[in-house]
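Working notes, structure below.
Because the structure is a prediction, the values reported are computed rather than measured. Starting from 1, each residue takes its place in the sequence as its number.
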Amino acid sequence: MLSSNALHPVQLNLTLLSSHSGSLQTLAITLNSPVVHPDCLPTLKLPPEINLTREVVLYGRSPTWLYGALIHKCQAAPWLGCYDARSQAVIVIHSRVESPAIGDRLPVTLNRQPCPAILIGGPPNSGKSVLSNATRLSLTAQLPNDTIYLHRASWDGEGNWTYETAQPSFVEALVRNHEYRIHEDPETAKLIPGFFQSHADAVANLRNLVDCLLVDVGGLPQREKVPLVEQCSHYMIISRLPEAVDVWHQFCQPHLKPIAVIHSVLSDEFEVLQTTPWLEIKAGPWLMGATQTIPDILLKHILNAIQQSP
């Protein structure tokens with residue numbers, strides 16, 4: 001793997017991805033700072049060893065404007081693609097040749113053991129999405145060399161940006177005004193099984209790519225979610241309703257190993273109720289934009305589960 005801009009906020013590594021049509025020249029993007037700004041673009045350079053007479057695949061998470069700049073820098077290549085982790089394929093976005101054509105998908109082969117996938121569930125309004133994001137941030141800080149990915153298997157439109165913005169009320173309005181609640185429409189409700197099957201396929205693909213996967217599965221233990229559950233390895237429950245905990249245990253336990261149960265409260269409170277056979281705590285409050293870490297004992301149990309996974 002050849003690298004460029006080692007001290008730059010954006011590091012570009014030249015590597016190869018294996019596909020059914022051979023090895024693909026790949027530009028892997030690594031952000032050396034939690035936040036990067038467009039003022040880094042004038043000094044951004046491609047690795048000198050990149051060969052623009054062959055294909056270039058862009059790989060990695062980055063702002064849209066950075067992808068746009070790299071596409072412009074690589075436009076002389078015969079064709080350009082972006083790696084789509086959810087489908088585990090390269091999507092061709094620009095082509096000067098007959099094949100592959102724009103829109104083609106080239107499946108990629110990744111030779112690695114599937115990573116742990118931790119399902120996070122519980123009834124609505126318990127703090128599930130806040131817990132998911134805080135867990136992502138805590139694991140990223142604890143394991144800086146690992147790739148921690150949070151996959152939200154929901155149609156509410158929320159993303160990491162929802163929990164990192166300085167304007168939470170604006171985000172709340174965006175989500176409220178643009179969320180498409182397919183389960184409430186008789187015509188689109190029939191799409192729900194396929195919706196969760198597609199998320200199950202995405203989880204299976206992501207487990208071959210990252211080091212730890214968190215899966216926010218939404219607030220209802222629906223039968224349609226079983227394929228998604230079966231693609232995970234562990235689970236955590238966060239619930240404001242004590243009576244809902246056993247329902248979620250029953251939904252997850254035939255397939256998954258329990259890590260923790262969090263009894264969610266609105267007050268500033270923390271109590272350890274048990275540590276075996278899984279951790280059980282009472283904790284709160286879980287506030288969007290304010291809760292950025294998880295309790296140390298919860299982090300310890302999650303790390304133990306990750307380390308004990310094959």
Margin query: Run Leu131 and Ile294 through side-chain contact (heavy atoms from CB on, under 4.5 Å) and show every step you take.
Written below: CA-CA 7 Å; Leu131 168 66; Ile294 59 176; 4.0 Å; yes
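- Side chain of His8 to backbone of Cys40: a donor-acceptor contact under 3.5 angstrom is found.
- Transitive grouping of hydrophobic side chains (ILVMFWY, heavy atoms separated by less than 4.5 Å) keeps Ile102 and Val56 in distinct clusters.
- In this structure the side chain of Ile306 reaches within 4.5 angstrom of the side chain of Leu139, judged on heavy atoms.
- Within a 6.0 Å sphere centred on CG of Asn51, other residues, nucleotides and ligands contribute more than 12 heavy atoms.
- Considering all non-hydrogen atoms of both residues, Gly22 and Ser19 come closest at O-OG, 2.8 Å.
- The distance from the CD1 atom of Ile281 to the CG atom of Leu298 is 5.0 Å, given to the nearest 0.5 Å.
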Note to self: Using the rule given for side-chain contact (heavy atoms from CB on, under 4.5 Å), can you reason through Tyr67 versus Ile93, listing the C-alpha separation, both sets of side-chain angles and the distance that settles it, and then say yes or no?
What the structure shows: CA-CA 12 Å; Tyr67 259 90; Ile93 60 168; over 6 Å; no
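- The line from OG of Ser138 to CD1 of Ile302 is 8.0 Å long, rounded to the nearest 0.5 Å.
- In this structure, Arg96 places its CZ atom where more than 12 heavy-atom neighbours from other residues, nucleotides or ligands lie under 6.0 Å away.
- Remark: the Gln250 side chain and the Asp246 side chain contain no N/O donor-acceptor pair separated by less than 3.5 Å.
- The two atoms that bring Ser126 and Ser264 nearest to each other are O-OG, 2.7 Å, heavy atoms only.
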Next item on the list: Dump the intermediate steps for side-chain contact (heavy atoms from CB on, under 4.5 Å) on His199 and Lys225, then the final yes or no.
Entry: CA-CA 9 Å; His199 279 288; Lys225 295 179 181 178; over 6 Å; no
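- Between Ala244 and Pro123, the shortest heavy-atom contact is CB-CG, 3.9 Å.
- Between Cys82 atom SG and His94 atom NE2 the span is 12.0 Å, to the nearest 0.5 Å.
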Next item on the list: Begin with the C-alpha distance, continue with both residues' side-chain angles, and end with the deciding distance and a verdict on side-chain contact (heavy atoms from CB on, under 4.5 Å) for Gln75 and Leu52.
Entry: CA-CA 8 Å; Gln75 61 181 325; Leu52 294 180; over 6 Å; no
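- Atom CZ of Arg54 is surrounded by more than 12 heavy atoms from other residues, nucleotides or ligands within 6.0 Å.
- Considering every non-hydrogen atom in both Val130 and Met288, the closest pair reads CG2-N, 3.7 Å.
- Partner Gln231 forms a side-chain contact (heavy atoms from CB on, under 4.5 Å) with one of Val203, Asp201, Leu119, Asn205 and no other, that one being Val203.
- With a 4.5 Å cut-off on side-chain heavy atoms, Tyr149 and Val215 do not count as touching.
- Leu31 places a side-chain heavy atom less than 4.5 Å from the side chain of Val10.
- Between Leu70 and Leu46, some side-chain heavy-atom pair lies under the 4.5 Å cut-off.
- Cluster annotation: Leu150 and Leu303 are assigned to the same hydrophobic cluster (Ile/Leu/Val/Met/Phe/Trp/Tyr, side-chain heavy-atom contacts under 4.5 Å, transitive).
- Dense packing is recorded around NZ of Lys73, with more than 12 heavy atoms of other residues, nucleotides or ligands lying under 6.0 Å away.
- The side-chain contact (heavy atoms from CB on, under 4.5 Å) test with Trp286 singles out one residue from Val265, Leu266, Ile238, and that residue is Ile238.
- Looking at heavy atoms from C-beta onward, Val217 lies in side-chain contact with Trp248 at the 4.5 angstrom threshold.
- With hydrophobic clusters built from ILVMFWY side chains whose heavy atoms lie under 4.5 angstrom apart, Leu16 does not share a cluster with Leu58.
- The heavy-atom pair separating Pro124 from Gly219 by the smallest distance is CD-O, 3.4 Å.
- In this structure, the side chains of Ser309 and His234 come closer than 4.5 Å at one or more pairs of heavy atoms.
- Taken from SG in Cys232 to CZ in Arg207, the straight-line distance is 7.0 Å, to the nearest 0.5 Å.
- Judged by distance alone, with hydrogens and angles left aside, the side-chain atoms of Lys128 form a donor-acceptor pair with the main-chain N or O of Gly122 at under 3.5 Å.
- The closest donor-acceptor contact from the side chain of Glu55 to the backbone of Pro78 lies at 3.5 Å or more, if one exists at all.
- Counting heavy atoms from C-beta outward, Leu12 and Ile29 have side chains that approach closer than 4.5 Å.
- No side-chain donor-acceptor contact under 3.5 Å links Arg152 and Ser132.
- Considering Asn208, Leu206, Ile148 in turn, Leu206 is the only one that fulfils the side-chain contact (heavy atoms from CB on, under 4.5 Å) rule with Leu213.
- With values rounded to the nearest 0.5 angstrom, Leu17 atom CG is found 10.0 Å from Gln88 atom CD.
- Looking only at side-chain heavy atoms (C-beta outward), Phe251 and Val226 come within less than 4.5 Å of each other.
- Between Val90 and Gly81, the shortest heavy-atom contact is CG1-CA, 3.9 Å.
- Here CG of Leu214 is found 9.0 Å from CZ of Arg136. Values are rounded to the nearest 0.5 Å.
- Linking ILVMFWY residues whenever their side-chain heavy atoms come closer than 4.5 Å, directly or via other members, leaves Leu273 and Ile259 in distinct clusters.
- Remark: the backbone N or O of Ala117 is paired with a side-chain donor or acceptor of Ser233 at under 3.5 angstrom.
- Taking the six-membered ring where the residue is Trp, Tyr235 and His249 present perpendicular rings, their angle passing 60° and hence far from 30°.
- With hydrophobic clusters built from ILVMFWY side chains whose heavy atoms lie under 4.5 angstrom apart, Leu27 shares a cluster with Leu44.
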